[in-house]
Every structure is written in C-alpha cells, then in structure tokens.
Amino acid sequence: MQATTALLHWYDRNFRTLPWRTPPNPELSGAKPNPYHVWLSEIMLQQTTVATVKTYFIKFTDLWPRLENLAEAEEEEVLKAWAGLGYYSRARNLHRCAKIVLRDYNGRFPEEEHKLQQLPGIGPYTAAAISSIAFNQHAAVVDGNVERVISRLRAITDRLPGAKPVIKSHMAALTPHERPGDFAQAVMDLGATVCTPRSPACTICPWVDLCEGRKQGIHESLPRKAPKRVKPTRKGMAFVIAREDGAIALRRRPDKGLLAGMSEPPTSQWSEDMKQDDLGQAPVKADWSLAPSTVKHTFTHFHLELAVWHTQVDAAFPLPEGYWWSVPETLEGEALPTVMRKVLKTPLA
DNA sequence: AATGCGGGGAC
DNA sequence: GTCCCAGCATT
C-alpha cells in the first residue's frame, strides 16, 4: 500500500530515540523490544506527554529493572515513585497488573490483544500498542494522535468519540502485516511532530498529497469533538501541622476517588460555597495562623483554591488515628500529589 | 454515551 | 485563560 510504505520510510528517516524504544524495523536491526519496557511506557504515556514520562520511566526501571521486581514491591513504594505523574489509579493498576502477569503468566505478557485487555489498566489502546510494538502482532492502535491524523487523512467529520470505530477501521486497513508496531509508532510520531492540533506542518508531511482533509481545506478543524464543559471552582482549607523539628503531619487519602491512596496534610471538605476561615474544619485544636497566599490548582474537572492554615506544636502533641509525622528528610519521598506539594511549599508568613 | 480521574507544556 | 496529551474504569 502506497500510504503505508511512504509513512514507514518517513519513520525510518525521522526516528526519535526514546528510553523505551528499540530501533526501527526489528527484522533488519535484530533488536528485540522489551515487553516490560513497552508496557511500562505505554501506561505512563496515557494522557501524559513524552517529555514528562522520560524521567519517571528511568526512575522506575532503575528502581525495578524487571517486572518481577515491580510485582514484589510494596504498593506504597510504587505510589511514592509515581507521585507527581497524575492519574494515580494507573499506579495501582500497574502494580496489580505486574502481580497478575508474574503469577498467571509466569512473568511474560500475553501477546494477543484480547488477553492483554483483560489486565488492569490495559484498555483498547494499550492492548493494541503492546501487541503490535512488543510482539509484532497486527493490531490497530488508536490514540489521540491517530484520531487526528486519520480523521484528517480520510476527512472524517463525524464527532468523537462516536467516530472512533470508523477511525479504527481505517487504521486497521492501513496497518501492514510486516511492521505493525513501527507503523503504529509512525502515525503517532507524525501526529506529535507534523500533524499537530494547531498549525500542522503539511508541507513536510509524507501524506500531504493523499490527505483528503487538506484537499477539502478542513484539516485544521479535524477531528471534531464535543464541546467542553466549564470547570467550577471549589474552595477548601489545608492544615499544616509542624513539629518543632520540622516534621509535618500527614494522612492517607481514601482508596477511591480523587487522589486515591495518596498522602496529604489534612484538608477540609472542598466545595463551591466553602468558607475558608471555619476552624471547626480543622482536624485538631491548635493555635492556627493563616498563610498570606492561597494555593491554586486545576484538576481534570474543577479548579481548586486552598487557604493554607498552619500551626506549630511541641514534640508531645498527639496526632489523630492514622496520621504520621514526616521529617524533612522523608517528606520529598512521600506519596504527595502535586497540589499537596504546593501546600507544603506555601510561605507561612 | 457520559463522567471522573492529574499535571504540565504550548499558545 | 484554553487545548491537548501514546486513555481507562465505572456507570
């Protein structure tokens, strides 16, 4: 197929080296992909940019060089290493998945898409990605890049996510039996570097002459998506309890919902009509002072503003059940999400 | 089919 | 500020 061959040639000429990647065309180079690396990178790359993932991927493979090492780690240690990367259910599913592959598959990932998709944290995209990239199986990979590239190439004007099956069938028709993994990565690379959401570089695109969307002059408006809804702003209070030696009182968040299983300094409820000076919301009685600045943070579906209250207590101060002291030397390594690190960095006066 | 779920970079 | 990113799980 003309389009397929042209893109594989483009991929070979423009190959980007990444920590989890093997050189293109494995049959020629002889380099075999590492399924553990492919899986780990694909989980990290879900809704997360390549630049952000790089350092975390290196940290994880340094801490746990093989799937077996990760499977035998404590979940708490995995959450600590994942802290800051976001979408924390990924970290817990990653750990669960490693345990299942070790126990049920003798530490080796299955090669078939449908078996991969049974594993926690692996959905349609990731199953196809692992199957094609790690095992050279003919699987059609559809991520955000593929949706954009293919909807433009074929001038698909139906709205996402409804148009996804059509996009997948076009992608399947284009995917070769020879180098399916390289082709999948080629389309994604094209979307990341040439066929970008805004101002695509059509003049250097290997598919410019085939692009139906460009012929119709509608390529920059594709893919079409449902309109976003506005994010409300919730408010709350964060409570920093500091001991004389600099230790901070932390607790673990619930196992479900936002920032599940992660650590935090105690906070009040977060709501749109929350008063930020109601010290009845504090977890302990103490002499509270208000920090001069507010922490602002945006989650997927709402903005958050936290007033930061702080207090200094002596070494004998009793903490509520489930809380612990984290001294300055251990604080950095705690499973603290970014919003909570902002709270702890807030100047107190 | 909708919704909940982080964080950062580009514009 | 908005948009998007190598999406998944749940309802």
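In what follows, chains carry the letters A, B, and so on, assigned in the order in which the sequence lines appear, proteins first and then strands, with residues in each chain numbered from 1.
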Check: Reckon A:I122 touches a base, only the sugar-phosphate, or nothing at all at heavy-atom distances under 4.0 Å?
Finding: sugar-phosphate
Item checked: Position toward the 5' end of DNA chain C (nearest nucleotide), A:T49 or A:N93 -> A:T49
Next item on the list: Can you label the angle between the A:F109 ring and the A:W39 ring as parallel, tilted or perpendicular, going by 30° and 60°?
Entry: tilted
Notebook entry, point to check: Is it true that the side chains of A:T48 and A:R90 contain a donor and an acceptor less than 3.5 Å apart?
Noted result: yes
Note to self: Without decimals, in angstroms, what is the distance between A:L258 CG and B:dG7 P?
What the structure shows: 8 Å
Next item on the list: For A:G257, answer base if it contacts any base atom (sugar-phosphate contacts may also be present), sugar-phosphate if it contacts only those atoms, and nothing otherwise; contact means non-hydrogen atoms under 4.0 Å.
Entry: sugar-phosphate
Margin query: Output the rounded distance in Å from CG (A:D158) to P (B:dA1).
Written below: 12 Å
Next item on the list: Pick base, sugar-phosphate or nothing for A:R148, based on heavy-atom distances below 4.0 Å to the nucleic acid.
Entry: sugar-phosphate
Notebook entry, point to check: Looking just at side-chain N and O atoms, do A:T233 and A:E305 make a donor-acceptor pair shorter than 3.5 Å?
Noted result: no
Notebook entry, point to check: Does the side chain of A:Y125 come under 3.5 Å of the side chain of A:E42 through a donor N or O and an acceptor N or O?
Noted result: yes
Check: Rounding to the closest angstrom, what is the interatomic distance between C:dA6 and B:dG4 at atom P?
Finding: 24 Å
Next item on the list: Classify the side-chain pair A:N69/A:R66 by whether it contains a donor and acceptor separated by less than 3.5 Å.
Entry: no
Next item on the list: Please tell me which of the listed nucleotides, B:dG8, B:dC5, B:dA10, lies nearest to the side chain of A:R198?
Entry: B:dA10
Note to self: Under the side-chain contact (heavy atoms from CB on, under 4.5 Å) test against A:W309, which residue among A:L348, A:L290, A:I241 passes?
What the structure shows: A:L290
Item checked: Aromatic plane relationship, A:W207 with A:F183 - under 30° parallel, 30 to 60° tilted, over 60° perpendicular -> tilted
Check: Atom CG of A:L79 and atom NE2 of A:H95: how far apart are they, to the nearest 0.5 Å?
Finding: 9.5 Å
Margin query: Within the 3.5 Å criterion, strictly below it, is a donor on A:H303 or A:T298 matched to an acceptor on the partner's side chain?
Written below: yes
Check: Hey, which of these two, A:A51 or A:R90, hits DNA chain B nearer its 5' end, going by closest nucleotide?
Finding: A:R90
Check: At their closest point, which heavy atom of A:Y36 faces which heavy atom of A:P65, and how far apart are they?
Finding: CE2-O, 3.3 Å
Next item on the list: Would you classify A:T126 as touching base, sugar-phosphate or nothing, given that sugar-phosphate means primed atoms plus P, OP1 and OP2, and contacts are heavy atoms under 4.0 Å?
Entry: sugar-phosphate
Next item on the list: Determine whether A:T126 and A:I43 make a side-chain contact, defined as any pair of heavy atoms from C-beta on separated by less than 4.5 Å.
Entry: yes
Check: Does A:H301 put a side-chain nitrogen or oxygen below 4.0 Å from OP1 or OP2 of B:dC5?
Finding: yes
Note to self: Quiz question: going by heavy-atom distance under 3.5 Å, is there a donor-acceptor pair between the base of B:dG6 and the side chain of A:T48?
What the structure shows: yes
Notebook entry, point to check: Using a heavy-atom cut-off of 4.0 Å to chain A, what are the terminal contacting nucleotides of DNA chain C, in 5' to 3' order?
Noted result: C:dC3 to C:dA9
Notebook entry, point to check: How close or far is atom C1' of B:dA1 from atom CZ of A:R229, stated in whole angstroms?
Noted result: 12 Å
Next item on the list: Using a heavy-atom cut-off of under 4.0 Å over every strand shown, decide if A:K342 touches base, sugar-phosphate, or nothing.
Entry: nothing
Note to self: Measure CZ/A:R253 against C1'/B:dG6 and give the value in whole Å, please.
What the structure shows: 12 Å
Margin query: With nearest nucleotide decided by heavy atoms, which residue, A:M188 or A:K256, maps closer to the 5′ end of DNA chain C?
Written below: A:M188
Checklist line | Length of the line joining A:F299:CZ and B:dG8:C1', which is rounded to integer Å | finding: 14 Å
Checklist line | Sub-4.0 Å heavy-atom contacts from residues 160-177 of chain A onto DNA chain B, ordered by number | finding: none
Checklist line | N/O (side chain, A:H297) to phosphate O (OP1/OP2, B:dG7) under 4.0 Å | finding: yes
Checklist line | Integer-rounded Å distance: B:dC5 C1' and A:W270 CH2 | finding: 12 Å
Note to self: Rounding to an integer number of Å, can you tell me how far A:K296 NZ sits from B:dG7 P?
What the structure shows: 17 Å
Next item on the list: Could you state the atom-to-atom distance from CE of A:M44 to P of B:dG6 in whole Å?
Entry: 16 Å
Margin query: What contact category does A:L18 fall into here, base, sugar-phosphate, or nothing, at under 4.0 angstrom with non-hydrogen atoms?
Written below: base
Check: Can a donor-acceptor pair under 3.5 Å be found between the side-chain atoms of A:T300 and the base atoms of B:dG6?
Finding: yes
